[in-house]
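It should be emphasised that the depicted structure is a prediction, and the values quoted were computed from it without experimental measurement. Values below: every heavy atom of this structure, side chains too, minus hydrogens, waters and symmetry copies. For ligands, and for the atoms within them, numbers begin at 1 and follow the listed sequence.
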Amino acid sequence: MAVRRLPERVVSLIAAGEVIERPADVVKELVENSLDAGARRIRIRVSRPVLREISVQDDGCGMSREDAVLAVERHTTSKISSEEDLQGITTLGFRGEALASIAAVSRMEILTRRAEDPVGTRVLVEGGRLVAVEEAPSPPGTRVTVRDLFYNVPVRRKFLGPDRSEFALVAETVSRLAIPRNDVYFVLERNRKISLALPPSSPFERVSRILRLSRDDLLEFSRDNVHIFLSRPGISFPRNRIYTYVNGRYVRSEVLKKAILEAYGSRIPKGEFPAAVLLLSLDPREMDVNVHPKKYEIRFRDQEAVFRAVFEAVSAALGPGIIPEVSGMGPSSGPSGTFRVVGQALNTYIILEDDEGILLVDQHAAHERIRFEELLDRVRSGEGYSTPLLEPMVVDLPPDLAPLLGDPLLRRIGFEVEPFGEGAALVRKAPYLLTGRDVGEALREVLEMLSSKGDAGLEDLLIEGVKLAACRGAIKAGEPLSREKMEDLVRRLMQCREPQTCPHGRPTMIRISRSRLEALFGRH
Ligand code: ADP
Ligand code: MG
């Protein structure tokens, strides 16, 4: 085989493939350019199907005739000029290849004018070839129109989804870019119909629009270099709705996602997710964004520190005492130290009153939370969580699990076991949490977890076990309670670290404020 240098046209098609895989990528690159150009208004219009035409119009700085021609060549950029500049990138673009990549796989028209120029410029490029450059009337700013995307690379088209999903990705891309730029007016049109209109607004309003959360369901919090918007505990979604940004740039980062999810912890039901927006400011030297051609992935110098800052800010924002309100007044506090038990309703809800209004407490959920925290503390401190069995018990084990019996972790969680011949164990003590469960089955489950996931799996198993035990022993719904018992329950709940939800993430209490009652009865 002979080694050959590829023709320029092929090189550009390959490069284009790295950056532009689908219509949403075109929209991302064009809108980023508009933002870099200082636009205050950006209008994105797509046809149906999206591939036929995509245009992005802005009122940014525009380009001179020379710049417009140069901009569609590869590695031409006005944003950096030297190696040192790569260290401190402040614009969204910097590679200087987006326009060239898009132009290589479409018919592109650029219509642009700088405010100071008497007349604008029209540049036409087809499949990467410059077709025309001419004077043309244009409002100040730039409009880039991309027609017949992938007309010359039919294979690309095969990898696309149905038009509906490609458009959904376009809309998602616009939302993502719009979140941190609440100062910019974004309009997205599909087939001449407005699909999304985002006038300039406060950061809070912009986020609540895009996450589709009411003011009451969204919390805003900032501390040091972390600014966050969070769905309040008690509401959750079947899929991940977490948007993370570093210095205004959307990034995907497992570290950031994990910090948010771990801070929510048991405030969200298992398998469900919060909605969140995280805006992190960092010294550009603390990270490397030049990892991925689409610049989504990010690497932090000090992962630990970033994790901690985010985890702590989210924990503080969620804090104890965020109680859902009955339709209206936003998150509010738990009962004050001077609360009074009014009574019990339906043998299930404790009714309280304090200076601010009325609270309803779910007696089962509340007791579950109390027991969960007490048991977890006991288990973690390694104190008194083992119970001797009435009689030692022989448990059969699969041959691959038997060798794990010597693992010190077993003792830590409360098992006292020894090998018993081939493929069996003699159990003398079992964890207190397992009371009432089949000891043999539990031991096999723990050993399996140890062999597949090690330590980390064990912590999950422990927490699951504690949740089960907390639930099993808790006061049930439908149980009548004495006044003393109710007072004691509420007092202990308020001492919990996370009193507002049960360990499964459901609310323990709901507040109806005095003003809400007054509004309902028309007493204003
Ligand atoms: P990059 O954004 O990485 O610099 P692009 O290929 O996206 O590379 O754009 C090349 C250059 O074209 C930019 O550096 C900028 O100078 C100019 N440009 C592109 N889009 C616009 C726009 N909407 N308004 C003004 N200038 C633009
Ligand atoms: Mg760009």
**Q** Polar contacts were defined as any N/O atom of the residue lying under 3.5 Å from an N/O atom of the ligand; does this apply to Met63 and ligand 1?
**A** no
**Q** For ligand 1, is any non-hydrogen atom under 4.0 Å from Asp36's backbone (N, CA, C, O), its side chain (CB onward), both, or neither?
**A** neither
**Q** N/O of Cys61 under 3.5 Å from N/O of ligand 1, yes or no?
**A**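 No, there is no polar N/O contact under 3.5 Å.
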**Q** Could you name each residue pair satisfying salt bridge (Lys or Arg N to Asp or Glu O under 4.0 Å) that touches residues 51-63, not counting sequence neighbours?
**A**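 Passing the test, one end in residues 51-63: Glu53-Arg147.
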**Q** Please work out, at 4.0 Å between heavy atoms, whether the side chain, the backbone, both, or neither of Ala98 comes within that distance of ligand 1.
**A** both
**Q** Would you say that Phe150 contacts Val155 through its side chain, given a criterion of any heavy-atom pair below 4.5 Å between the two side chains?
**A** no
**Q** In terms of atom number and element, which parts of ligand 1 are under 4.0 angstrom from non-hydrogen atoms of Glu97?
**A**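 This gives 6 (O), 8 (O) as the contact atoms.
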**Q** Are Ile228 and Ser222 packed together at the side-chain level, in the sense that at least one heavy-atom pair is separated by less than 4.5 angstrom?
**A** no
**Q** Near Thr142, which atoms of ligand 1 are under 4.0 Å from a heavy atom of that residue?
**A** 22 (C), 23 (N), 24 (N), 25 (C)
**Q** May I ask you to test the Arg40-Tyr185 pair for a side-chain heavy-atom distance under 4.5 Å?
**A**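 No, side chains not in contact.
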**Q** Determine whether Val310 and Leu278 make a side-chain contact, defined as any pair of heavy atoms from C-beta on separated by less than 4.5 Å.
**A**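 Val310 reaches Leu278 side chain to side chain.
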**Q** Short N/O distance, under 3.5 Å, between Asn33 and ligand 1?
**A** yes
**Q** Any side-chain donor paired with an acceptor under 3.5 Å for Thr142 and Thr112?
**A** yes
